[in-house]
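See below for the structure under consideration.
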Amino acid sequence: MDDQDNLQAMRHSLAHIMATAVTTLWPEAKLGVGPVVENGFYYDIDLGEATISEEDFPKIEAEMKQVIAADLPFEKSEKSIDDAIAWAQAAKQPYKEELLNDLKRTGTTVAKDLDSAELGLPTDGASQVESVSFYKNGGFTDLCRGPHVTSTGKVGAFKLMRVAGAYWRGKEDNPQMQRLYGVAFATEEELQKHLGLLEEAKKRDHRKLGKEMDLFTISDLVGPGLPIFTPRGTILRNQLIRFSEELQEAGGYQAVWAPHMSRVDLYKTSGHFDKYPERFDVSSVESSDAFMMKPMNCPHVTQIYASRPRSYKDLPLRYMETTTMYRDEKSGELHGLSRVRALTQDDSHAFVRQDQIELEMQSIVSMVKQLYMTLEMELDVELSFRDDTDKYFGEPELWAEAERILEKVAKDEELNYKVEHGEAAFYGPKIDIFVSDALNRRWQCATIQLDFVQPERFGLEYTDADGSAKRPAMVHKAMLGSIERFLSVYIEHTAGRFPIWLSPEQVRIITVNQTEPVVVFADKIVTLAKELGVRTYVDNSSESVGKKIRNAEVAKVPYTLVIGDKEITSNQVIPRVRSDLVVIAAHPELPVEDFIKTVANESKSRVNKTSL
RNA sequence: GCCACCUUAGCUCAGUUGGUUAGAGCAUCGGUUUUGUAAACCGAGGGUCGUCGGUUCGAAUCCGACAGGUGGCUCCA
């Protein structure tokens, strides 16, 4: 057993020890599942009327420590499936009984959040389950495949972290259990290191940095999930949008524009209306028609396509639009900029012929790669395909073809991807690109979607070379995805230390004193910077130079110039460079004009390091 | 929406078992200082303790509802 396996066994054993402690303290506790997760473990527990809160943790931890101190062996045993069911009934463990019954009937459990290691499933995954294994430590016995550590004393260091609600088997209409999360490591040092990392992650939380760096704000009066952007945040936003749009223009996309609301009928035709009830109705329109805010853009765009007859020679027809849409997310799902009710997408839709799909997908993927490479972010790619349920529209043959094309493109473009069945949109399969925030939570950003369904539902056509009417396919794409969500991840990714081209303020000019020649010289630099499109701010305040330097540092401004008599005499400056941008150790003295020009060039070429 | 928890000044936080005019640092404003590469000094303003209701002689403190938030669950076109 290597260290990694051993750590897994420790964490899994701790889940059992926690369950032991909880059932000692609350004998009526009904147990769900208790698998290993990243950095630790959890156990789902139903206490009926009672609830566990974080205040109970010291008591549970004390109980767990007793079990650990007793160093009781984990003893494995086998039972036939029917004996196991009888055991669950006798032990009054209805959730275990349900799992065992499903196991007997189908050979599997379909629970989404269930780690198969938690079950007593035979390791070869045979469909016919004859027997299941149990592990016993002291007076506590649990259905479990294992493996475990040899005895309860060998579990390393742990800490209970929090309690959360979790629906039994991940289904909203099932009873909600309490999920107790713990973290665990082989040694106390590693545990402390992990807790330290969590503290570090807090410091780069985009909600905290967004406030500190004056990028955006969320007002109760405006409403939850409706972030508003300050001048600084808007510069950041617009720089990213401009980059996305420049890439798309180079790729043959034409900008279009559509209003932010429409008749409800638009979404009834597209199929979105019945699929997604989370919409914002516009109720007071003086008309018998119902209107709503747009939750997506594609239906609008189909109407641009449909506005005139199209020839096979017109395709591909590529439309792009950076625009805001509105989705009524449930209150508990809102999260800073990551999950909002008003989201802005760098959205695009290409209408293509069947024979153009693959090439189009390929060029989009390479565009996405270029964007993320420039931003120095890793691509974490998922191919979201359909499953066997009936929630998808369209012919199965078309789906199979679409999925084949997506996978081929992913292979050809050497994407490091995983296939996820059941994650497709109702109208087609997707290539989804995920990025991770400071706490390692994955968020979907870029998405590329192949769609045969909406052209069908809107009756879109083009005239082919032989004069026959043909149906185009539609390729949806968003590269940054939701700008808001992208920013949330990007702020955490960079800890607010943006590259020069994205920095809301690129050069901070600090005056040594407020005498007239100094102020005039600072103004001269600002005028020059403005002409070249460099974003500057002059700190003329009567603070000490040390304080002003510190303020510039805290604001994470890439370059700082201290201006005094020396600079006026020589017309040269010594730029102070933010530490993460430095590539050359020496900071040369530069003529003022050269310095500003260099910053302007760096900004234009979107470099991540400085050449100063 | 569901579960647990949180909400005191613009921000970060004190505030004893319910007991007089609720404190600090930073920020802001005013004054002094005119500063050379990570925090000058003095002073002032700023709070219906998230909101509403209840218990009590008395509530920031106890109870309830609501709102907002945090971590999960569910959902994510």
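From a predicted model like this one, the values you see are computed outputs, not experimental measurements. Values below: all heavy atoms of this structure, side chains included; hydrogens, waters and symmetry mates excluded.
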What contact category does Asn551(A) fall into here, base, sugar-phosphate, or nothing, at under 4.0 angstrom with non-hydrogen atoms?
nothing
Trp168(A) CH2 to C73(B) C1': how many Å, rounded?
14 Å
Test ring pair (Phe, Tyr, Trp, His ring centres under 6.0 Å) applied to His476(A) and Tyr319(A), Tyr427(A), Phe452(A), the passing residue:
Tyr427(A)
Is it the case that Arg442(A) places NZ or CZ above or below the six-membered ring of Phe434(A), under 6.0 angstrom from the centre and within 45 degrees of the axis?
yes
Is Lys330(A) touching bases, backbone alone, or none of the nucleic acid, heavy atoms closer than 4.0 Å?
base
Just call it for Phe426(A): base, sugar-phosphate, or nothing, with non-hydrogen atoms closer than 4.0 Å on any strand.
nothing
Would you check if Val368(A) and Ile448(A) make a side-chain contact, meaning some heavy-atom pair closer than 4.5 Å?
yes
Do Ile431(A) and Thr447(A) make a side-chain contact, defined as non-hydrogen atoms from C-beta onward lying under 4.5 Å apart?
no
Expressed as a whole number of Å, how far does the C1' atom of G47(B) sit from that of A22(B)?
8 Å
Rounded to whole Å, please give me the gap between CH2 in Trp443(A) and C1' in C75(B).
12 Å
Quick check for you: among C75(B), G36(B), U34(B), whose closest atom lies nearest to any side-chain atom of Glu278(A)?
C75(B)
Between C29(B) and U20(B), how far apart are the two P atoms, rounded to whole Å?
35 Å
Applying salt bridge (Lys or Arg N to Asp or Glu O under 4.0 Å), name anything that partners Glu484(A), two or more places apart in sequence or on another chain.
Arg237(A)
C1' atom, C62(B) versus G19(B): distance in rounded Å?
15 Å
note: Lys171(A), atom NZ; C75(B), atom P; distance rounded to Å ~ 10 Å
Which residues pass the side-chain contact (heavy atoms from CB on, under 4.5 Å) test with Pro277(A), sequence neighbours left out?
none
Distance between the P atoms of G36(B) and G31(B), in whole angstroms?
23 Å
Do Met325(A) and Met293(A) come close enough that some side-chain heavy atom pair is under 4.5 Å?
no
Let me know the distance between CD of Glu55(A) and P of C5(B), rounded to the nearest Å.
7 Å
When only distance counts, do a donor and an acceptor, one from the side chain of Arg339(A) and one from the base of C76(B), lie under 3.5 Å apart?
yes
Determine the Euclidean distance between corresponding C1' atoms of U48(B) and U7(B); express it in Å to zero decimal places.
16 Å
Tyr181(A): which of Tyr42(A), Phe158(A), Tyr43(A), Phe57(A) passes ring pair (Phe, Tyr, Trp, His ring centres under 6.0 Å)
Tyr42(A)
In whole Å, I'd like the distance from the CD atom of Gln345(A) to the P atom of C76(B).
16 Å
Within this structure, what is the OH-to-C1' distance between Tyr42(A) and C73(B), rounded to whole angstrom?
10 Å
Expressed in whole Å, how much space separates the C1' atoms belonging to C63(B) and C76(B)?
38 Å
Mind checking if Lys430(A) touches a base, just sugar-phosphate, or nothing, with heavy atoms under 4.0 Å?
sugar-phosphate
Between Asn440(A) and Glu38(A), is the side chain to side chain donor-acceptor pair (under 3.5 Å) condition met? List the steps.
CA-CA 10 Å; Asn440(A) 234 0; Glu38(A) 190 181 12; 3.3 Å; yes
Ala166(A), nearest nucleotide to its side chain (from G36(B), C73(B), A77(B))
C73(B)
Has Arg341(A) got its NZ or CZ under 6.0 Å from the middle of the six-membered ring of Tyr326(A), at an angle within 45 degrees of the ring axis?
no
Atom-to-atom span, NE2 of His272(A) to P of A77(B) - whole angstrom
9 Å
Sugar-phosphate or base contact per nucleotide [nucleotides 37-46 of chain B; S, B, -; heavy atom under 4.0 Å]:
BBBB------
Base, sugar-phosphate or nothing for Ser270(A)? Non-hydrogen atoms, less than 4.0 Å.
nothing
Do Trp443(A) and Asp437(A) have side-chain N/O donor and acceptor atoms under 3.5 Å apart?
yes
With rounding to whole Å, what would you report as the distance between G18(B) and A60(B) at their P atoms?
13 Å
What nucleotide, of C11(B), C73(B), A77(B), holds the atom closest to the side chain of Tyr181(A)?
C73(B)
On RNA chain B, does the nearest nucleotide to Asp328(A) precede the nearest nucleotide to Glu54(A) from the 5' side, or the other way round? Give the residue.
Glu54(A)
Tell me which donor-acceptor pairs under 3.5 Å the side chains of residues 223-233 of chain A have, and how far apart each pair is, sequence neighbours excluded?
{"from": "Thr230(A)", "atom 1": "OG1", "to": "Asp214(A)", "atom 2": "O", "distance (Å)": "2.6"}
{"from": "Thr230(A)", "atom 1": "OG1", "to": "Leu215(A)", "atom 2": "O", "distance (Å)": "2.9"}
{"from": "Thr230(A)", "atom 1": "OG1", "to": "Gly233(A)", "atom 2": "N", "distance (Å)": "3.3"}
{"from": "Arg232(A)", "atom 1": "NH1", "to": "Glu505(A)", "atom 2": "OE1", "distance (Å)": "3.3"}
{"from": "Arg232(A)", "atom 1": "NH2", "to": "Glu505(A)", "atom 2": "OE1", "distance (Å)": "2.7"}

Phe273(A) ring centre to Lys268(A) NZ or CZ under 6.0 Å, with the angle to the axis within 45°?
yes
If you go through the side-chain atoms of Tyr167(A), does one of them form a donor-acceptor pair with the base of G72(B) closer than 3.5 Å?
no
Separation of the P atoms in G15(B) and U34(B), to the nearest angstrom:
42 Å
For RNA chain B, what dot-bracket results from Watson-Crick or G-U pairs at under 3.5 Å, with [ ] for crossers and | for inter-strand partners?
(((((((..((((.....[...)))).(((((.......))))).....(((((..]....))))))))))))....
Yes or no on ring-ring contact (aromatic ring centres under 6.0 Å, His included) for His194(A) and Phe185(A), after CA distance, side-chain angles and deciding distance?
CA-CA 9 Å; His194(A) 175 74; Phe185(A) 291 87; 5.0 Å; yes
Using a 4.0 Å heavy-atom cut-off to protein, can you give one letter per nucleotide of nucleotides 61-71 of chain B, 5' to 3': B if the base is in contact, S if only the sugar-phosphate is, - if neither?
-------SSSB
How long is the line joining CD of Glu212(A) and P of U12(B), in whole Å?
9 Å
